[in-house]
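Working notes, beginning with the structure itself.
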Amino acid sequence: MSNIVNDLVEDYIRNILKENKSLILEMEEYAKENSVPIIHKEVAELLRFILDIHKPKRILEIGCAIGYSSIFFATVLGGDVEIITTERNPVMLEKAYENIEKAGLKDKIKILVGDAAQTLKDLDGEFDMIFIDAAKGQYKMFYDMVTPQLKKGGIVISDNILYKGMIASDDFVVRRKRTIVKRMREYLDYICSLEDVDTSILPVGDGVALSYKK
């Protein structure tokens, strides 16, 4: 139970959406079997829609895991994109490299290896889109580090921002998650108050924030 969307509604949406094929489906099955967090199916379809409209040429992803999102982005965009992503977990890195090679996207996806708080300091150039899906208690730090390199008209997509409903109500908060919840609430207050950004919060998947740089 997500505490965000009624389970029946969530199941209906997931069942009515088209099933992915080949490597994307293989990664979904691997993630399910190995408890690897990847974007929810309905979130992926929302992102597909955004990618089709926005057509970003350069994407920064914070939080690679097994490479699912980066490969999904590149596949939707027909390979017409450069993606910079970050990861520090050796197990995730090994699987990500394997999946990226399988997808034939080694020349399109570059992984910055190490703690994102360090590797993001050396970024070059501007980005059309930034996808944040890493340590939930550090979203604001990541946002402040990278958004100076977001082009005007670019978008920031922050995943898992409702965090199983805990952000919306203390009734759902697990004791060990209190610090993360506090920081995520501060992050949402922050991005919703910025003058040069329009932000929309959607109760899709585990919650998604879309921020448009005016």
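In this structure a side-chain-to-backbone donor-acceptor pair under 3.5 Å is missing from T119 to L112. Formation of a donor-acceptor pair under 3.5 Å by the R58 side chain with backbone atoms of E126 is found in this model. In this structure, the side chain of K110 does not engage the main chain of E82 through any donor-acceptor pair within 3.5 Å. Remark: side-chain polar atoms of K213 are paired, donor with acceptor, to backbone N or O of L150 under 3.5 angstrom. Under a 3.5 Å cut-off, the side chain of Y163 and the backbone N or O of G207 do not form any donor-acceptor pair. A donor-acceptor distance shorter than 3.5 angstrom exists from the side chain of K108 to the backbone of G79, with no hydrogens or angles considered.
Contact annotation: the side chain of P56 approaches that of L51 to within less than 4.5 Å [non-hydrogen atoms, C-beta and beyond]. Two residues are said to be in side-chain contact when any heavy atoms from C-beta on lie closer than 4.5 Å; K57 and D80 meet this criterion. Counting heavy atoms from C-beta on, the side chains of L47 and V76 never come closer than 4.5 Å. Taking the side chain as every heavy atom from C-beta outward, V181 and I167 approach each other to under 4.5 Å. Looking only at side-chain heavy atoms (C-beta outward), D133 and Y68 stay at 4.5 Å or farther from each other. Inter-residue side-chain proximity for K140 and R183 is flagged as unmet; no heavy-atom pair is nearer than 4.5 Å. L23 is listed as a side-chain neighbour of M27, based on a closest heavy-atom distance under 4.5 Å. Taking 4.5 Å as the limit, every side-chain heavy atom of V81 sits out of range of all side-chain heavy atoms of F73.
There is no path of hydrophobic side-chain contacts, each under 4.5 Å, that joins I111 to F127. The hydrophobic cluster containing I161 also contains V174, counting ILVMFWY residues as joined when their side-chain heavy atoms lie under 4.5 angstrom apart, directly or transitively. Using a 4.5 Å cut-off between side-chain heavy atoms of Ile, Leu, Val, Met, Phe, Trp and Tyr, with links allowed through other members, F72 and L46 fall into the same hydrophobic cluster. Clustering ILVMFWY residues whenever any of their side-chain heavy atoms sit less than 4.5 angstrom apart, transitively, puts I109 in the very cluster that holds L93.
Note that CD1 of I132 and CD1 of I62 are 4.5 Å apart. Values are rounded to the nearest 0.5 Å. The distance from the CD1 atom of I155 to the CG atom of D198 is 12.5 Å, given to the nearest 0.5 Å. Rounding to the nearest 0.5 Å gives a distance of 6.5 Å between CZ of F142 and CG of L120. Atom CD1 of I201 is separated from atom SG of C192 by 4.0 Å, given to the nearest 0.5 angstrom. The distance from the CD1 atom of I66 to the CG atom of N34 is 8.0 Å, given to the nearest 0.5 Å. With rounding to the nearest 0.5 angstrom, the CE atom of M184 is 8.5 Å from the CG atom of L162.
K41 and E45 are not joined by a salt bridge, as no carboxylate oxygen comes within less than 4.0 angstrom of a charged side-chain nitrogen. At a threshold of 4.0 Å, the pair E98-K102 counts as salt-bridged, since one of the basic side-chain nitrogens sits closer than that to a carboxylate oxygen. The pair K32-E29 does not count as a salt bridge, with every side-chain nitrogen at least 4.0 angstrom from each carboxylate oxygen.
The closest side-chain donor-acceptor pair between N99 and Y30, if any, does not fall under 3.5 angstrom. Under the 3.5 Å distance criterion, with hydrogens and angles disregarded, a donor-acceptor pair is assigned to the side chains of S158 and Y187.
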